[in-house]
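Working notes for the structure below.
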Number of protein chains: 4
Amino acid sequence: MPLLSSTSSISLLERIIPATFISDPATGRRRNAVSHDAILEATHGMLDEIGFDKLSLEGVAARAGVGKATIYRWWSNKSALAMEALLHAVEALPGIGDSGSARGDIEVYVTRLWQALRGGKGRLVRQMIALAQFDADSRRIFHDRYLMPRRLALIAVVRRGVERGEFRAGLDPDLVCELLYAPLMHRLLLGSAGIDEHQVRAHLDLVLGSIAAADPA
Amino acid sequence: MPLLSSTSSISLLERIIPATFISDPATGRRRNAVSHDAILEATHGMLDEIGFDKLSLEGVAARAGVGKATIYRWWSNKSALAMEALLHAVEALPGIGDSGSARGDIEVYVTRLWQALRGGKGRLVRQMIALAQFDADSRRIFHDRYLMPRRLALIAVVRRGVERGEFRAGLDPDLVCELLYAPLMHRLLLGSAGIDEHQVRAHLDLVLGSIAAADPA
Amino acid sequence: MPLLSSTSSISLLERIIPATFISDPATGRRRNAVSHDAILEATHGMLDEIGFDKLSLEGVAARAGVGKATIYRWWSNKSALAMEALLHAVEALPGIGDSGSARGDIEVYVTRLWQALRGGKGRLVRQMIALAQFDADSRRIFHDRYLMPRRLALIAVVRRGVERGEFRAGLDPDLVCELLYAPLMHRLLLGSAGIDEHQVRAHLDLVLGSIAAADPA
Amino acid sequence: MPLLSSTSSISLLERIIPATFISDPATGRRRNAVSHDAILEATHGMLDEIGFDKLSLEGVAARAGVGKATIYRWWSNKSALAMEALLHAVEALPGIGDSGSARGDIEVYVTRLWQALRGGKGRLVRQMIALAQFDADSRRIFHDRYLMPRRLALIAVVRRGVERGEFRAGLDPDLVCELLYAPLMHRLLLGSAGIDEHQVRAHLDLVLGSIAAADPA
DNA sequence: TCATAACCGAGACGGTACGTCTCGTCTTGGG
DNA sequence: CCCAAGACGAGACGTACCGTCTCGGTTATGA
């Protein structure tokens, strides 16, 4: 049973490790991995070229050299398929190092994130967020497989900073995380112009400044 | 981010008063305002009942008692129509008072905004933002007619606070505005749970605290 | 009142002399002859270029520089307009001379008719006949204004031939006329190839031979 | 006029067995014969009830319980569909017997044809001929599947008459055929009144008389 | 000499149908 | 049991015209 067509009672593990190749133990022929990959690749390519709303499963099937029924067998609808294809293309986590300075680690991480969103990945992420507004399944998948891993990584660094006394005690790491992420996303979604480096710096300075531990001096 | 991104040579006036109504009034039958309203109302009703992706212009035309061509005459596509219908339902600007305290004014305003988004309007705004990702026209309309007026109002208050010495000199009002708005929007779009009052308070305290003028004491 | 919109109680005279300009004696602006001509001309041109079924009154109005209502004021439907336009283009009667030999006159006349149908007029006539199958008004108009005048002229010659003793006594001129006309028309409508001169000659020889008075010798 | 106008390199077989059914039988779901028949039946019924120009493929699809695409898959346009539906309703060939007298056989055949055209079939044939004027495909279909078989049968009888010495040697059977058919068709299409029996007799007498072998007496 | 009435262009309107596209399902024959 | 191919019923798409209806403006009497 594929990941996306099950609406509940699936373990977190299964939600994070794609269930794609966990085959039905019953009799019969197993799922064809070649077709599966061709479908995702075709979907991703067409999203890139013509966008989500012009995407058709008919077109995907033709481009992937696959029967339409094969797609419907494994994905419940266009959104689910698109979301999975987009995740595939985006999934590599930019790691957060531990240089000793939480502030420095965050600055590097946010700057890298900004650079990624400025490029082609920004469009993919925008589309995923839009999909998530219309389809509860997609929303959950995006939250679990894209957003959460990145948040958790960032929250860990904030916690480290608090423990080391770099940041003020009593901080809510969730809130800090929100203040670091949200303006980037907001501009990605609604900014009429791009985001320039100077703005990112100012943003980081203000937020990181406001959570820094009081200078003992 | 510039407040007014003049991406083309279209005057501001033309962007706010839809060019639709600026045709040569000299000749031909005049546009029927009743149909216009019926279309927007039907669209809004159907968005509410069946959502954007099940919305069809065919259905809107039938419900509004209008020919399809009349819709296509005045709106370029489904997104543009939906965007305008949603704007109609949302357009009343929550005013920002001037109580003497910029901080107080902002707290009241953001709290009210949060309350509005928690209610039915939140869904509308989410849908508008999603639409804006797929269609450049819709994006521009949302930016000009929803986002900008609200930003301008908030920016004015921030400026007032700086002038009065409540907030630190040298602040970038755009950035502050982003820090106040974006987390709300981000949670609206992607938060798995709702936003509770405690989170809003903590958010306001952190941001407003960080821009307050240094205590002279 | 124009000719084509009245379905009955119109004198034959009015059917043959277009009533177009017999205006209502009441006050008010009179019909615009320029528009009238422009409409017929545009119709004829478009019939020639795109054929009857692709013809649209919308297109005629645009090409004639005329409001659609002006067309509807004077013609009841597309068929009626097309029929009148075609008649205008075809109306000149090829006269039948009186050389002294009825046989010779008929040979010349039928040959000329054949030549005319071979050219562009053939297509017009074909279209008129087709229209006549779908619309009773058009059928009557075609019969009265195209067919009958030509039949009457031919019948007169046949009568002359009988009176002079060239043709057998007791002939039914209607039947002879039919035998002369019908094969031409039939081939015009349904012949896969054109009609060649040799066929016309053979046709004339057979029919005229069969009605010739018995040789006294 | 050639009996078989080979205007293209399409084989006779392909013209008589619609190419529609000559697709690669190896792959994909097969054409649904039930739908095919339902479409033709619905078309025929609606032609009878509302006539050709009010016929809509939309209506045919609804009445046949069939998707519009299924009609467009198999017929190129309204004319082609109507033509095929009419042919279905008309297709039974009235046979020509061989009584020993070619003249008698022809008299019986033409009289029967006249009777058929006087009835409901006349309207169908008129409509088919009209369609043939607007659409080359329809024209070819009508020629091949309606006209030709009937012509060939009649021509065979004429030939038989010539061989037996009933008719004059050197006759052009095509021409005779035309003289027998065309007046009937012409009156069907354009006669203001019906065709009465007396006219048919006179017509037959004149034509058959003119081709009879000279009396040896 | 004007008021009246009908005409005219333009073009928006409620509709119908077009021919195309995609959806999600179904039938084939072949692996 | 899976798969490609592709026909199928359904129905929305965006376009083209239909025939009707305002509009503002233009003629041409006839009071």
Side-chain angles (χ1 to χ4, degrees), chain A residues 24 26-32 34-35 54-62 64-73 76-78, chain B residues 23-32 34-36 38 54-62 64-74 76-78, chain C residues 23-32 34-35 54-62 64-74 76-78, chain D residues 23-32 34-36 54-62 64-74 76-78:
Chain A
D24 185 8
T27 176
R29 187 173 173 181
R30 290 313 185 277
R31 177 169 183 179
N32 182 342
V34 175
S35 294
K54 310 227 159 181
L55 182 75
S56 70
L57 294 209
E58 201 108 18
V60 171
V66 138
K68 281 196 294 172
T70 303
I71 302 181
Y72 285 107
R73 236 191 301 279
S76 60
N77 57 53
K78 194 168 95 164
Chain B
S23 66
D24 179 9
T27 188
R29 184 174 175 175
R30 230 46 56 72
R31 179 169 184 181
N32 182 345
V34 174
S35 295
H36 176 260
K54 309 228 160 180
L55 182 74
S56 70
L57 295 210
E58 199 109 10
V60 171
V66 138
K68 277 198 292 175
T70 300
I71 302 183
Y72 285 106
R73 230 192 303 278
W74 303 114
S76 59
N77 56 55
K78 194 167 95 164
Chain C
S23 67
D24 187 18
T27 178
R29 181 177 178 177
R30 267 346 113 69
R31 178 168 184 181
N32 182 344
V34 175
S35 295
K54 309 227 161 181
L55 181 74
S56 71
L57 295 211
E58 201 110 13
V60 171
V66 138
K68 280 197 293 173
T70 302
I71 302 182
Y72 285 107
R73 235 192 300 278
W74 304 112
S76 60
N77 57 54
K78 192 168 96 164
Chain D
S23 67
D24 180 10
T27 187
R29 183 175 175 176
R30 232 42 61 73
R31 178 170 185 180
N32 182 346
V34 175
S35 295
H36 177 259
K54 310 228 159 180
L55 182 75
S56 70
L57 295 210
E58 200 109 12
V60 171
V66 139
K68 278 199 293 175
T70 301
I71 302 183
Y72 285 106
R73 229 191 304 279
W74 304 113
S76 59
N77 56 53
K78 194 167 94 164

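Below, chains carry the letters A, B, ... as their sequence lines are ordered, and counting in each starts from 1.
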Closest-nucleotide ordering on DNA chain E, the 5'-leading residue of D/Leu55 and B/Ser35: B/Ser35

What pairs with D/Ser35 under side-chain hydrogen bond (donor to acceptor under 3.5 Å, both in side chains), at least two apart in sequence or on another chain? D/Asn32

Winner on side-chain proximity to B/Thr27, out of E/dC7, E/dC18, E/dA10, is E/dA10

Smallest heavy-atom separation, B/Ala38 atom then B/Ala64 atom, equals O-CB, 3.6 Å

Taken to the nearest 0.5 Å, the spacing of C/Glu58 CD from C/Leu55 CG works out to 11.5 Å

D/Arg30 CZ to E/dG30 C1', in whole Å, measures 12 Å

Distance test, side-chain N/O of B/Trp74 to OP1/OP2 of E/dG11, below 4.0 Å: no

If you check every side-chain atom of B/Tyr72, which of F/dA4, F/dT15, E/dA10 has the closest atom? F/dT15

Is any side-chain N or O of D/Arg31 closer than 4.0 Å to OP1 or OP2 of F/dC8? no

Does B/Arg29 make a side-chain donor-acceptor contact with the base of E/dC13, cut-off 3.5 Å? no

Let me know the distance between CD of C/Glu58 and P of F/dG19, rounded to the nearest Å. 10 Å

To the nearest Å, how far apart are D/Asn32 CG and F/dG6 P? 17 Å

When rounded to whole Å, the CG to P distance for the pair D/Leu57 and E/dG19 reads 6 Å

Going by the rule side chain to side chain contact (heavy atoms under 4.5 Å, CB included), which residues pair with B/Ser76 if we only count those two or more places apart in sequence or in a different chain? B/Ala80, B/Asp137

So, is A/Arg73 close to the F/dC2 phosphate, meaning a side-chain N or O under 4.0 Å from OP1 or OP2? no

Where along residues 64-71 of chain C does a heavy atom come under 4.0 Å from DNA chain F, residue by residue in number order? C/Lys68, C/Ala69

Report the residues that fulfil side-chain hydrogen bond (donor to acceptor under 3.5 Å, both in side chains) with D/Lys78, sequence neighbours left out, ordered by chain and then residue number. none

What residues, two or more places apart in sequence or in another chain, satisfy side chain to side chain contact (heavy atoms under 4.5 Å, CB included) together with C/Ala61? C/Lys68, C/Ile71

Comparing D/Ala61 and C/Asn77 on DNA chain F - which has the more 5′ nearest nucleotide: D/Ala61

Among F/dC8, E/dG19, E/dC23, find the nucleotide with the atom closest to the side chain of A/Ser56. E/dC23

